[in-house]
Amino acid sequence: MLRALQLKLLEWLEGGNEKFIINSISSSQFGFLWNHICNGREWRKYKFLFITHDDASLEALTLSLRSEHSTSCFFPTPFLNPYSPYVPSEQEFNEKFMLLNQLEVGTAPNIIGASLFEIVKRLCPINWVKDHIFTLSESDIIPHEELCQNLVQRGYRNTLTLDGHGTFSKRGEIFDIFIFGQRPVRVYFFDEMVEAMYFFDQDHQKIDKSVKLSNIKIGPTPLCALNEPELRLNLRTNLPKPSPNQKNKTGTRNHILNCVNSGKCFERFPHFFPLFFSEETPSFFEYLLSKNYLPVLFDERSLSFSIEHLREELESRFETTEQSNETDNILPRPGKLYYFDIILNSPHSLRVENFHLETNHDLQYFVQMNVKSPQAFWGTRLLECNTQHDLISKKFSILESFIKEGGLVSFLTTSDTAKEEFLFLAQKHLVSLSESIKQERLDAAEGLFLQDENLLLLTEADIFGVKKKLSPRPKAKNVDLFAEKMASLAIDDFVIHAQFGVGKYLGIESLFTGGTRSDYFVIEYAEKDKVYVPVFKIDQIQKHADSNASYKLDTLRNSKFSQAKKRAKESAKKLAFDLLQLNASRALSQGFAFSPPDHHF
């Protein structure tokens, strides 16, 4: 059946113009099938866009794909209401914009996955990134200042050393450029001529001389929009104009325009990015369709329901925000920020359904899968087991019969301990048949049983009975510190400042200083003294207690808090050294070495 499905998919990819439906299979089970049928050279020329209705389904799909699918990236972004006070993640926005750059220079992955909320967001015009790509070739003649201007115009920052994507550093006749969405590059100049270019290892400060680059393509960052007068004017035009009694919104609008006019980024910049363009911009989905990505839609009913729910939720939140005089949110209607309608209307798409549909004889490409869970494979034969030992013995007894009847078994794990334990049990219970079980390194949440193929895929949880939790994405967690702290702070709460000590939080004030308006936390100390802390220094304050607690406020007129901090630091240092001495004495003392635990333990 797998071979038949593979051939039918290839036939459809070559010339089919209708939708292809694979029925009765979950997203994680589809990942297993993908590993088995899409592993030849003929698949490398196709590009796929996986879309799920929520981030949990996308996470399960991600885990079930083999690690050799390295040319893939996923955006499992949960729903965050843009009309709420929460600040969007600039890191996730930048990752998506890096992908746009990769699409234009030909280094994008052939598999992209995204949750519904991420795929419907509007971005920029399809050719905007391409039109802003700057090519630098070997032997080009270009003054250093002109190269700096080109980089700054595209949103790059000049730093002493490279500080992430979108930064560059100049030292004499050497330029280090961390191209947005690409690897860092070092450019050597001879006077004003580009002499040589190599990939640059930022961590070890070394160049890779194995590959000499003939040219590099430098794409824009999102901040490039702040440097174009026409786009700044578009933003001014597209920003809603609040009524005279909505002072908070008027203040926000003026603050955004002041930042843009001075070329500075502002809060919630990712939400406002589509407004820099005169016409409604395409969504992430439309952008990828234009780059010949084939949509793979998981569970059409859930997607349809989620689209309608998301549309209604955003419209409702917008109506509430638009009429409120208290909020400072001035985002326009959801239609300016999202586009929902095209996803389910795409005719040439692969549909993966998690429930049983009746066979549609009108469709040429309709495949009914006979996929079961490992629990269905074990059936009721495990009910009589009373202990874990009996349970495992019974499972291997069932596997023995299955293998003797010609069945194929694969054990999926990323844990060496689980692999060794499985081998021990297989050799104990299956003896000579243990070699017929394949082992694959794959982090999967659940296995599957393909009855027509007589193929059984098992995970650690299927054998040992421990439910395996979905692992986090292999990337740094983005913590919204501002939203987290603001959610816990209330007027008159006691806060502690890293420099001044315990004070009372009085709220946020907007002050006009240095030619610009900025927001400040107001903290009151003893004798009615006040400290104004800029909101971008929120990491310096922390909630100490609720307003109903009884605390004495520190004073700004002596150094008691500094002395208390010094004493606490010395005490912590003494405790650390005491613990080091204790552990050192324990390490030097001799003890009895017991034998390591065996499998019977």
Rounded to the nearest 0.5 Å, what separates atom CD in E95 from atom CD in E92? 6.5 Å
Would you find a donor on one side and an acceptor on the other, under 3.5 Å apart, between the side chain of N101 and the backbone of P220? yes
Ring of F284, cation from K96 - is the NZ or CZ under 6.0 Å from the centre and inside 45° of the axis? yes
Starting at CZ of F402, measure out to NZ of K395 and round the result to the nearest 0.5 Å. 15.5 Å
May I have the list of side-chain donor-acceptor pairs in residues 177-187 shorter than 3.5 Å, sequence neighbours left out?
unit_1 : atom_1 : unit_2 : atom_2 : d
Q182   : OE1    : T107   : OG1    : 3.4
Q182   : NE2    : T107   : OG1    : 2.9
R186   : NE     : D176   : OD1    : 2.7
R186   : NH2    : D176   : OD2    : 2.9

Looking at the rings of W378 and F449, which for Trp means the six-membered one, are their centres under 6.0 Å apart? no
Assign the ring pair Y46 / F48 to parallel, tilted or perpendicular, where the plane angle (0 to 90°) is split at 30° and 60°. tilted
Between F340 and Y338, how do the two ring planes meet: parallel, tilted or perpendicular, split at 30° and 60°? parallel
For L457 against D462, the heavy-atom pair lying closest together: O-OD2, 4.1 Å
Quick check: does any side chain N or O of Q427 sit under 3.5 Å from a backbone N or O of F424, one acting as donor and the other as acceptor? no
How far does CG of L61 sit from CD1 of I111, to the nearest 0.5 angstrom? 8.5 Å
Ignoring hydrogens and angles, tell me if any N or O in the side chain of Q388 forms a donor-acceptor pair with the backbone of F464 under 3.5 Å. yes
Between K574 and D578, is the closest basic N to carboxylate O distance under 4.0 Å? yes
Would you call K217-E104 a salt bridge at under 4.0 Å N-O? no
Does a salt bridge link E11 with K8, judged by any charged N lying under 4.0 Å from a carboxylate O? no
Take the angle between the ring planes of W34 and F50 and call it parallel below 30°, perpendicular above 60°, tilted in between. perpendicular
Considering all heavy atoms of both residues, which atom of L297 and which atom of S349 are nearest to each other, and what is their separation? CD1-OG, 4.4 Å
First locate atom CG of D55, then atom CZ of F117, and finally report the distance between them rounded to the nearest 0.5 Å. 11.0 Å
List for me each residue that meets ring pair (Phe, Tyr, Trp, His ring centres under 6.0 Å) alongside F396, sequence neighbours excluded, and say none if there are none. F422, H429
Rounding to 0.5 Å, atoms CG (L455) and OG (S410) come to a distance of 6.0 Å
Say whether, by atom type as modelled, one donor and one acceptor occur between the side chain of S306 and the main chain of S302 under 3.5 angstrom. yes
Rounded to the nearest 0.5 Å, the CG atom of L294 sits from the CG atom of L289 at a distance of 8.5 Å
Testing the 3.5 Å rule here: is there a donor-acceptor pair between the side chains of K419 and Q439? no
State, yes or no, whether a side-chain contact exists between L456 and L399 at a heavy-atom distance under 4.5 Å. yes
Minimal non-hydrogen separation, L162 against Q202, with atom names: O-NE2, 2.6 Å
K45 with E14: basic N within carboxylate O range, under 4.0 Å: yes
Could you tell me which non-hydrogen atom of N215 sits nearest to which non-hydrogen atom of M197, and how far apart they are? CA-CE, 3.6 Å
Flag, side chain of N583 to backbone of L580, donor-acceptor distance under 3.5 Å: no
Taking the side chain as everything from C-beta on, heavy atoms only, tell me whether I22 gets closer than 4.5 Å to E353. no
Closest heavy-atom contact between L99 and P109? CD1-CD, 3.7 Å
Looking at K206, I'd like to know if its NZ atom is crowded, meaning that more than 12 non-hydrogen atoms belonging to other residues, nucleotides or ligands lie closer than 6.0 Å. no
Would F97 and F273 count as a ring pair (Phe, Tyr, Trp, His ring centres under 6.0 Å) here? Give the steps. CA-CA 11 Å; F97 215 85; F273 186 74; 5.6 Å; yes
With a 3.5 Å distance limit and no angle check, can you tell me whether T167 reaches the backbone of T159 through a side-chain donor-acceptor pair? no
For L582, does the CG atom have more than 12 heavy-atom neighbours from other residues, nucleotides or ligands under 6.0 Å away? yes
For K47, is the NZ atom crowded, meaning more than 12 foreign heavy atoms sit under 6.0 Å from it? yes
Has S57 got a side-chain atom pairing as donor or acceptor with D54's backbone, closer than 3.5 angstrom? no
